[in-house]
Participant: 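There's a structure below that I have some questions on.
We number each residue from 1, following the sequence as shown.
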Amino acid sequence: MQLGAFSVSLSVKDLAASQEFYGKLGFETVGGAAEEGWLILRNGSCTLGLFQGMFDGNMLTFNPGWTAEGAEAQQFDDVRIIQTRLRDSGVAIEKDTPDDGEGPGHISLVDPDGNRVFIDQHVPAPKK
């Protein structure tokens, strides 16, 4: 199963303070919109999403259709295919996306220890 780019999404109290802190660890802002309460930071192959007031708790995030460098992937598993495979293997989907949809979509699930996993596809499904 190709889950795409991996990042950790952090729910932060003060976006500017968190951006400054992670900047001191060598992370640079590569995307996002501070006025909307979110930023994407990268240090080498490590990616952090900082989100203020958007969700509770931290999440593991996967982006089908993106490479680790943030470029669009040529081939990847569409989020609806991932959703079907997970359901077929007995994984409970907390929030699903319509099976008959196209393009962007997202699903969320919770691992056995209560950690949230967010699979968020921003690009159209790959051509077959």
Participant: Check whether any side-chain heavy atom of His106 sits under 4.5 Å from a side-chain heavy atom of Val79, and report yes or no.
Facilitator: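 Counting from C-beta outward, His106 and Val79 never come under 4.5 Å.
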
Participant: Less than 4.0 angstrom from a charged side-chain N to a carboxylate O is my criterion; do Arg85 and Asp77 meet it?
Facilitator: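 Salt bridge present between Arg85 and Asp77.
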
Participant: Counting only N and O atoms by type, is there a donor-acceptor contact under 3.5 Å from the side chain of Asn63 to the main-chain atoms of Gly4?
Facilitator: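 No; zero donor-acceptor contacts below 3.5 Å.
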
Participant: Rounded at 0.5 Å granularity, tell me how far CZ in Phe51 sits from CG in Asn58.
Facilitator: 11.0 Å

Participant: Does Leu3 reach the side chain of Ile119, with side-chain heavy atoms less than 4.5 Å apart?
Facilitator: yes

Participant: When hydrophobic residues are tied together by side-chain contacts of less than 4.5 Å, even through go-betweens, does Ile93 share a cluster with Leu60?
Facilitator: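 Yes, Ile93 and Leu60 fall within the same hydrophobic cluster.
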
Participant: Are Val110 and Val117 packed together at the side-chain level, in the sense that at least one heavy-atom pair is separated by less than 4.5 angstrom?
Facilitator: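 When only atoms from C-beta onward are counted, Val117 and Val110 do not touch, as no gap falls below 4.5 Å.
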
Participant: Same cluster or not: Leu15 versus Phe27, using hydrophobic residues (I, L, V, M, F, W, Y) connected whenever any side-chain heavy atoms lie under 4.5 Å apart?
Facilitator: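 Yes: a chain of side-chain contacts under 4.5 Å links Leu15 to Phe27.
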
Participant: Do Phe76 and Met1 sit in one hydrophobic cluster, given that two such residues count as connected whenever their side-chain heavy atoms are within less than 4.5 Å of each other, even indirectly?
Facilitator: no

Participant: Mind running side chain to side chain contact (heavy atoms under 4.5 Å, CB included) on Trp66 and Gln121 for me, showing each step along the way?
Facilitator: CA-CA 8 Å; Trp66 286 5; Gln121 178 179 313; over 6 Å; no

Participant: Could you go step by step and tell me if Asp99 and Gln83 meet the side chain to side chain contact (heavy atoms under 4.5 Å, CB included) rule?
Facilitator: CA-CA 8 Å; Asp99 289 320; Gln83 176 175 263; 2.7 Å; yes

Participant: Quick check: are there more than 12 heavy atoms from other residues, nucleotides or ligands sitting under 6.0 Å from CD of Glu72?
Facilitator: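 No, not enclosed.
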
Participant: Out of curiosity, Ile82 CD1 to Thr97 OG1, how far, rounded to the nearest 0.5 Å?
Facilitator: 11.5 Å

Participant: Any donor and acceptor pair, going by atom type alone, linking the side chain of Ser9 with main-chain N or O of Gly49 inside 3.5 Å?
Facilitator: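 A pair under 3.5 Å: no.
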
Participant: Look at the side-chain heavy atoms of Ile, Leu, Val, Met, Phe, Trp and Tyr, link any pair under 4.5 Å apart, and say whether Leu48 and Val30 land in one connected group.
Facilitator: no

Participant: For the atom pair CD (Gln52) and CG (Leu10), what is the distance rounded to the nearest 0.5 Å?
Facilitator: 12.5 Å

Participant: Measure the acute angle between the ring planes of Phe6 and Phe62, then classify it against the limits of 30° and 60° as parallel, tilted or perpendicular.
Facilitator: tilted

Participant: List the residues meeting side chain to side chain contact (heavy atoms under 4.5 Å, CB included) with Ser108, not counting sequence neighbours, and say none if there are none.
Facilitator: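 Counting only residues at least two positions away or on another chain, Ser108 forms a side chain to side chain contact (heavy atoms under 4.5 Å, CB included) with Glu94, Lys95, Phe118.
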
Participant: Which donor-acceptor pairs under 3.5 Å do the side chains of residues 35-42 make with protein atoms, sequence neighbours left out?
Facilitator:
unit_1	atom_1	unit_2	atom_2	d
Glu36	OE1	Trp38	NE1	3.1
Arg42	NE	Thr47	OG1	3.1
Arg42	NH1	Glu69	O	3.4

Participant: More than 12 non-hydrogen atoms from neighbouring residues, nucleotides or ligands closer than 6.0 Å to CG on Asp56, yes or no?
Facilitator: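 Counting other residues, nucleotides and ligands, CG of Asp56 stays at 12 neighbours or fewer.
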
Participant: Quick one: CD1 on Ile81 to CG on Leu86, what's the gap to the nearest 0.5 Å?
Facilitator: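 One finds 12.0 Å between CD1 of Ile81 and CG of Leu86.
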
Participant: Output every pair passing salt bridge (charged side-chain N to carboxylate O under 4.0 Å, His left out) with a member in residues 7-33, not counting sequence neighbours, ordered by first then second residue.
Facilitator: Glu20-Lys24

Participant: For the hydrophobic clusters of this structure (ILVMFWY residues joined by side-chain heavy atoms under 4.5 Å, transitively), does one cluster hold both Val8 and Leu50?
Facilitator: yes

Participant: How long is the gap from CZ on Arg116 to OG on Ser11, to the nearest 0.5 Å?
Facilitator: 11.5 Å

Participant: Quick one: CZ on Arg80 to CG on Asp96, what's the gap to the nearest 0.5 Å?
Facilitator: 11.0 Å

Participant: Is the closest side-chain donor-acceptor distance between Gln19 and Thr29 under 3.5 Å?
Facilitator: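 Present: a donor and an acceptor within the cut-off.
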
Participant: Looking only at non-hydrogen atoms, find the nearest pair between Leu109 and Ala92 and report the distance.
Facilitator: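 Closest pair (atom of Leu109, atom of Ala92, distance): CB-O, 3.6 Å.
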
